[in-house]
**Student:** 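Starting off with a structure, shown below.
The structure presented is a predicted model; accordingly, all values stated were derived computationally and were not measured.
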Amino acid sequence: MNIRNGDAQWLCDTPIVRQWAMFAALLAGCYRPALEDACSVACPDDFCPNGMECGGDKRCHPIGSDDCSTLGDATLDDTGDTVTQICLGDGFVRDECFDPPTEPLVYSGVTFDTTTGPCTYSRVAADGTTLCFLVGTRIVVSGMLRATGANPLVLVGIDEVIVEPTGVIDVSSDILTGSVGAGGEAKDCAFSSGGANDPTTGGGGGGAGGSFSARGGHGGIGHNGNSTTAGGIPGSELLAINAVRGGCPGGSGGDGLALTAGSGGRGGGAVYLLSGSTIVINGRINASGAGGGGPDVTGGAGGGGSGGFIGLDAKTYTIAGAAIFAVGGSGGAGATSFSVGADGNQAVGPFAPPGTPATGSAGSGGAGGAISDGQSGSAATASGGGGGGGGGGGSIGFIGMANSLSITPMTFAPAPTSMN
């Protein structure tokens, strides 16, 4: 059981019951102001014991201190003993309660999978997404913290979350290694289609870039002589983002005469930093999408994956010398009749990765989005035999902040959005 102490006790606190308060045997379990702990009593009528006051969350807390949603929330375990939990979150993770941690968590040179890795808690959010929580008295990232896997990552430092100048939180997806950033397998993405095939004469179309908080780029048209092959169409952007979730994949390229067309890049992953006090960021947070894949000869290239999700939730922020980005990957470059295409470029900072140049008659890949939409891939040309279309670039991801919008030029890509 996890019953909030005091919820039932107020049923006993009526004028008639108070008149008979001397009969303790009749009042077992009723509200006893002198015996109640802070945050263990609800106060729907604004009445609290001496030395306490009713907070905005309608629970009694010490006079002059923060509300219980910040200080903690008392519960009863199965034995009836009081157990204090700490409840945090004003953004997309709201009023989440944890057993008080006893140690800080420090990360440097750590890689783990959120599906199987050492999560303090794994909890299912309202939208059905499973979140991996790492909870400590404080979180310090002093080196690389790389998280992959199906579930978004939530870092909870009760006192503070610090990303030092040498610290990197990386939940990006990568076409080179095939790895998917934590939570980069979002289920509700609008479909960005792949390029059409032309198995007779070659020259497959390029795949569209992934769409998330903006639209991905169109795939380039494939050509061979007088034939044309359509490029992919990007899906619609998400108009309402209100949960911790990853980005969206790009479409694959058309085959042409290729044995393997270019694969669509995966969307960036998702990470949420949560503190009851402060977040300090002097390092890097990367939730960018993967570049689109390069095809075999005559194939169309894959579209880039969209940027992912970064959430920041604290009372105060100190952000200086940081790079916080959720940028789309570039589309891959199409192939010719004689040469393979190239994988799309990927973000290395809070700016768009360049488009992917092609050789000969093939189409170039469009640049990924850092401010808004991804760019479209270019069409292959008719000269020089079969050419695959370039993949479209992936769109920007989403960066959210609760309680404040601390915007520093050249720090964020895209600019943060309020989560309150």
Side-chain angles (χ1 to χ4, degrees), residues 141 143-147 153 155 161-175 181-184 209-217 237 241 244 246-248 265-273 279-291 304-314 317-331 344-356 365-375 393-402 404-419:
V141 181
M144 173 64 73
L145 172 58
R146 168 71 174 155
L153 174 64
L155 298 172
V161 177
I162 299 175
V163 182
E164 296 183 342
T166 55
V168 178
I169 299 174
D170 186 355
V171 293
S172 66
S173 295
D174 189 339
I175 188 67
S211 299
F212 185 19
S213 60
R215 295 197 75 184
E237 68 270 29
I241 299 172
V244 183
C248 298
R266 303 302 306 182
V271 61
Y272 196 97
L273 277 57
I279 290 176
V280 178
I281 304 176
N282 303 122
R284 296 164 62 85
I285 304 177
N286 181 6
S288 298
S306 80
F309 176 101
I310 299 171
L312 307 176
D313 189 344
Y317 300 93
T318 300
I319 299 174
I324 303 168
F325 53 104
V327 174
S330 296
N345 293 305
Q346 300 174 150
V348 295
F351 42 83
T356 311
I371 299 176
S372 184
D373 299 344
Q375 294 182 5
S395 83
I396 56 171
F398 179 90
I399 298 177
M401 295 185 73
S404 173
L405 289 179
S406 177
I407 301 175
T408 303
M410 298 305 295
T411 294
F412 293 96
T417 299
S418 174
M419 293 192 296

**Student:** Compare every heavy atom of Val244 with every heavy atom of Ala270, then report the nearest pair and how far apart it is.
**Tutor:**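 Between these two residues, the closest heavy atoms are CB-CG1, 4.2 Å.
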
**Student:** As an exercise, state the distance from OG of Ser306 to CD1 of Ile396, rounded to the nearest 0.5 Å.
**Tutor:**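 With rounding to 0.5 Å, OG (Ser306) is 9.5 Å from CD1 (Ile396).
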
**Student:** Run the side-chain contact (heavy atoms from CB on, under 4.5 Å) test on Glu237 and Phe212 for me, step by step, so that the C-alpha distance in whole Å, both residues' side-chain angles and the decisive distance to 0.1 Å come before the verdict.
**Tutor:** CA-CA 5 Å; Glu237 68 270 29; Phe212 185 19; over 6 Å; no

**Student:** How long is the straight-line distance from OG1 of Thr318 back to CG of Asn282, given to the nearest 0.5 Å?
**Tutor:**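 Asn282 CG to Thr318 OG1: 8.0 Å, rounded to 0.5 Å.
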
**Student:** Under the rule for side chain to side chain donor-acceptor pair (under 3.5 Å), what residues qualify as partners of Asn345, not counting sequence neighbours?
**Tutor:**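 With neighbours one apart ignored, the set is empty.
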
**Student:** So which atom in Ser330 and which in Pro353 form the shortest heavy-atom distance, rounded to 0.1 Å?
**Tutor:**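 Heavy atoms of Ser330 and Pro353 come nearest at OG-O, 3.3 Å.
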
**Student:** Using the side-chain contact (heavy atoms from CB on, under 4.5 Å) definition, which of the options Val141, Leu273, Ile399 pairs with Ile285?
**Tutor:**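 The residue from Val141, Leu273, Ile399 that satisfies side-chain contact (heavy atoms from CB on, under 4.5 Å) with Ile285 turns out to be Leu273.
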
**Student:** Working to the nearest 0.5 angstrom, can you tell me the gap between Ile162 CD1 and Ile279 CD1?
**Tutor:**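 The CD1 atom of Ile279 is 11.0 Å from CD1 of Ile162, to the nearest 0.5 Å.
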
**Student:** How about Tyr272 and Asp313: do any of their side-chain heavy atoms sit closer than 4.5 Å?
**Tutor:**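 SC-SC contact between Tyr272 and Asp313 confirmed.
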
**Student:** Looking at Ser213 and Ser395, what are the two nearest heavy atoms and their distance?
**Tutor:**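 Looking at all heavy atoms of both residues, the shortest contact is N-OG, 4.1 Å.
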
**Student:** Please test Ile281 against Val161 for side-chain contact (heavy atoms from CB on, under 4.5 Å), starting from the C-alpha separation and ending with a verdict.
**Tutor:** CA-CA 8 Å; Ile281 304 176; Val161 177; over 6 Å; no

**Student:** What residues, two or more places apart in sequence or in another chain, satisfy side chain to side chain donor-acceptor pair (under 3.5 Å) together with Asp174?
**Tutor:**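 Only Gln346 meet the side chain to side chain donor-acceptor pair (under 3.5 Å) criterion with Asp174.
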
**Student:** Taking all heavy atoms of Ala326 and all of Phe398, pick out the closest pair and write down the distance.
**Tutor:**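 Shortest heavy-atom contact: CB-N, 4.3 Å.
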
**Student:** Give the minimum heavy-atom separation between Leu312 and Met419, together with the two atoms involved.
**Tutor:**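 Heavy atoms of Leu312 and Met419 come nearest at O-CE, 3.5 Å.
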
**Student:** Restricting to non-hydrogen atoms, name the atom on Phe325 and the atom on Gly349 that form the minimum distance, rounded to 0.1 Å.
**Tutor:**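 So the two residues come closest at CD1-O, 3.4 Å.
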
**Student:** Taking side chain as C-beta onward, heavy atoms only, is Asn286 less than 4.5 Å from Ile169?
**Tutor:**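 Not in contact.
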
**Student:** If we ignore hydrogens and angles and just use 3.5 Å, is the side chain of Ser173 paired with the main-chain N or O of Gly267 as donor and acceptor?
**Tutor:**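 Side chain of Ser173 to backbone of Gly267, a donor-acceptor pair under 3.5 Å: yes, one is there.
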
**Student:** Counting distance only, does the side-chain N/O of Ser288 pair as donor-acceptor with the main-chain N or O of Val327 below 3.5 Å?
**Tutor:**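 Side chain of Ser288 to backbone of Val327, a donor-acceptor pair under 3.5 Å: yes, one is there.
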
**Student:** Give a yes or no on whether the backbone of Val348 and the side-chain of Arg284 come within a donor-acceptor separation of less than 3.5 Å.
**Tutor:**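 Judged by distance alone, yes, a pair lies under 3.5 Å.
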
**Student:** Identify, with sequence neighbours excluded, every residue that meets side chain to side chain donor-acceptor pair (under 3.5 Å) alongside Arg146.
**Tutor:**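 Arg146 satisfies side chain to side chain donor-acceptor pair (under 3.5 Å) with Asp170, Ser179 only.
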
**Student:** Using the side-chain contact (heavy atoms from CB on, under 4.5 Å) rule, take Ile324 and Ile310 through it: C-alpha gap first, then chi angles, then the decisive distance, then the call.
**Tutor:** CA-CA 8 Å; Ile324 303 168; Ile310 299 171; 3.8 Å; yes

